[in-house]
Amino acid sequence: MRKLIKTTAGWIHTTLILSVIIPLLYVLCVKDQTLVGPYLYLKCLVIVFPVVVTDFAAEKCRTLFTYLLLSVLTFAATGAAGWILAGSLRDSFLVWGYLLLLLGETLFVIINRMIARLQKKKDREAAFEADPSFRPYNDILKEPAFPVLFYFGGVYLLGANFNGPSVCNAALFSAILYAVTTFLYHYVCETERYLALNRRTCNLPSRRIYGIGSGMLAIYLALLMVLALSSLFTVSLRHYRDLRDLKTNIEMDFTEAALPSLTENMGENPMAALIGDPEDIKPAPWWLDYIFYGFTALIFVLLALALIKKVLAVFQDFRITNDENGDIVEELHDTEDEVKIAAPARRHRLSERERIRREYRRVIRRHRKDQPADHESPAEIEQEAGIAQTEEGMALHARYETARYGRVPEASR
């Protein structure tokens, strides 16, 4: 249930942000809003279809070809739905503008889902290598955030200052629904994070914690609804203005008497005297053309090879990051009977400090499967790995403390 709440919140987050863009652009570019109609925002909510379908496709498709095929079908279905919904617009320019913007948003969603899927491989490799600079990829289409409410506030202000009541209503409705969704999303995420940090606590009353949190969330949402109802009831009192009607009264008098004659006393053309008569230009040798064509062909071939290599790598990475219910799916390949022994690569000689730190990481990875948190001390890391009380763990701890801090800890002296 909690996973469904987070997934649905991501869909609502993306849909509300994208669906208000087209009405805002129309109110800024089209002064006569009767050509647009009051229901343009409802037509833009069709973007929820590619948002949901591409999310499922990015999670379930094993190969990039399958994902691209479903994306093309989704793109075509969204265009057909947009063509049907755009029939009420009274101008062909508005119809094509609506279709192009809707398809542009769909293409953005498709590309973003694919990038997020490909990023999973890099995130997993960085976590496995214990990279201290590793930061998880932030998918902008999955995580609602409270600062996005300022985005809807900006849309509301533009609608009020460009005589767009439909845009103001759409921004107000979107902000209310988005606030409710964000409260619910962060409640689930923060509660799960709290329980994960305290998983070592015995008899942690998780059910009671969820009950108390749900009660507080209901209070917050009730207060939010009171504020929302007050805003909805005062919609008829809203004042609009159009900044395009403001005209400046500055008049400039450009008369011939005020401007000096630009052709008086110029004399002869100074550039003509400087250049003079051009001499006969000798043609370039014939072999220069062939060298130029050869370099051009070589550059195009190298670019084509690099593009093909990159496309093949993207297909491979997309397939590697396939997972089912959180389990990584790996393919088993046949091994060759003949084993080729290659010469060992030369490595720089490790110092004693580096050797001890590498041994420490290797032992921790062997006894602990999850990634240690940034705030954990070596003692806490060893406790989670289950080697803190063993002779090997205590000896390793002493060597690591000496290598890391240059001293032997008090407990090991």
Side-chain angles (χ1 to χ4, degrees), residues 1-26 39-61 67-68 70-82 85 97-120 123 136-156 158-159 166-167 169-190 224 318 321:
M1 183 62 182
R2 293 189 293 271
K3 182 179 180 181
L4 178 61
I5 291 175
K6 293 193 291 185
T7 303
T8 307
W11 296 342
I12 297 175
H13 156 76
T14 307
T15 302
L16 292 180
I17 290 178
L18 296 179
S19 59
V20 80
I21 294 177
I22 298 178
L24 176 63
L25 293 178
Y26 271 35
Y39 303 110
L40 179 61
Y41 175 73
L42 298 179
K43 297 181 178 66
C44 296
L45 291 176
V46 74
I47 193 65
V48 70
F49 174 71
V51 168
V52 175
V53 174
T54 54
D55 191 21
F56 275 113
E59 292 292 333
K60 302 300 181 182
C61 291
Y67 175 78
L68 292 178
L70 289 177
S71 298
V72 170
L73 295 177
T74 304
F75 188 85
T78 306
L85 294 174
Y98 167 77
L99 284 176
L100 292 178
L101 291 173
L102 181 63
L103 293 178
E105 292 176 353
T106 305
L107 185 62
F108 166 75
V109 173
I110 293 172
I111 295 175
N112 184 271
R113 300 291 194 201
M114 184 178 67
I115 293 175
R117 168 71 180 268
L118 294 173
Q119 191 67 27
K120 289 182 180 180
D123 292 349
Y137 176 71
N138 184 22
D139 190 356
I140 60 175
L141 300 185
K142 278 189 174 293
E143 299 182 2
F146 286 106
V148 180
L149 294 174
F150 290 102
Y151 163 75
F152 294 112
V155 173
Y156 183 92
L158 288 174
S166 60
V167 174
N169 296 334
L172 180 60
F173 168 77
S174 300
I176 295 172
L177 181 57
Y178 190 88
V180 174
T181 304
T182 308
F183 268 114
L184 187 59
Y185 175 83
H186 283 280
Y187 159 69
V188 173
C189 292
E190 293 301 323
L224 179 62
F318 194 94
T321 55

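What you see below is based on every heavy atom in this structure, not just the backbone, and it leaves out hydrogens, waters and symmetry mates.
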Does the R117 side chain pair with the main chain of C61, one donor and one acceptor, at a distance under 3.5 Å?
yes
Shortest non-hydrogen separation from F152 to L16 and the atoms involved
CE2-O, 3.7 Å
With distance as the sole test, does R2 use its side chain to make a donor-acceptor pair with the main-chain N or O of C189 at under 3.5 Å?
no
Taking side-chain contact (heavy atoms from CB on, under 4.5 Å) as the definition, give me every residue that meets it alongside F49, ordered by chain and number, with sequence neighbours left out.
V53, T74, A77, T78
Approximate separation, where rounding is to 0.5 Å, of F146 CZ and H186 NE2
5.5 Å
Does the H13 side chain pair with the main chain of I140, one donor and one acceptor, at a distance under 3.5 Å?
yes
Out of T7, D55, T14, which one pairs with K142 under the side chain to side chain donor-acceptor pair (under 3.5 Å) rule?
D55
Using the side-chain hydrogen bond (donor to acceptor under 3.5 Å, both in side chains) criterion, which residues pair with Y41? Sequence neighbours excluded.
S174
Return yes if some donor-acceptor pair links the side-chain N/O of Y185 with the main-chain N/O of A145 below 3.5 Å, else return no.
no
What pair of heavy atoms forms the shortest contact from C44 to S19, and how long is it?
CB-O, 3.3 Å
Taking Y98 for the side chain and L40 for the main chain, is one N or O donor matched with an acceptor at less than 3.5 Å?
no
Y151 side-chain N/O to I17 backbone N/O, donor-acceptor pair under 3.5 Å
yes
What pair of heavy atoms forms the shortest contact from T182 to P144, and how long is it?
OG1-CB, 3.7 Å
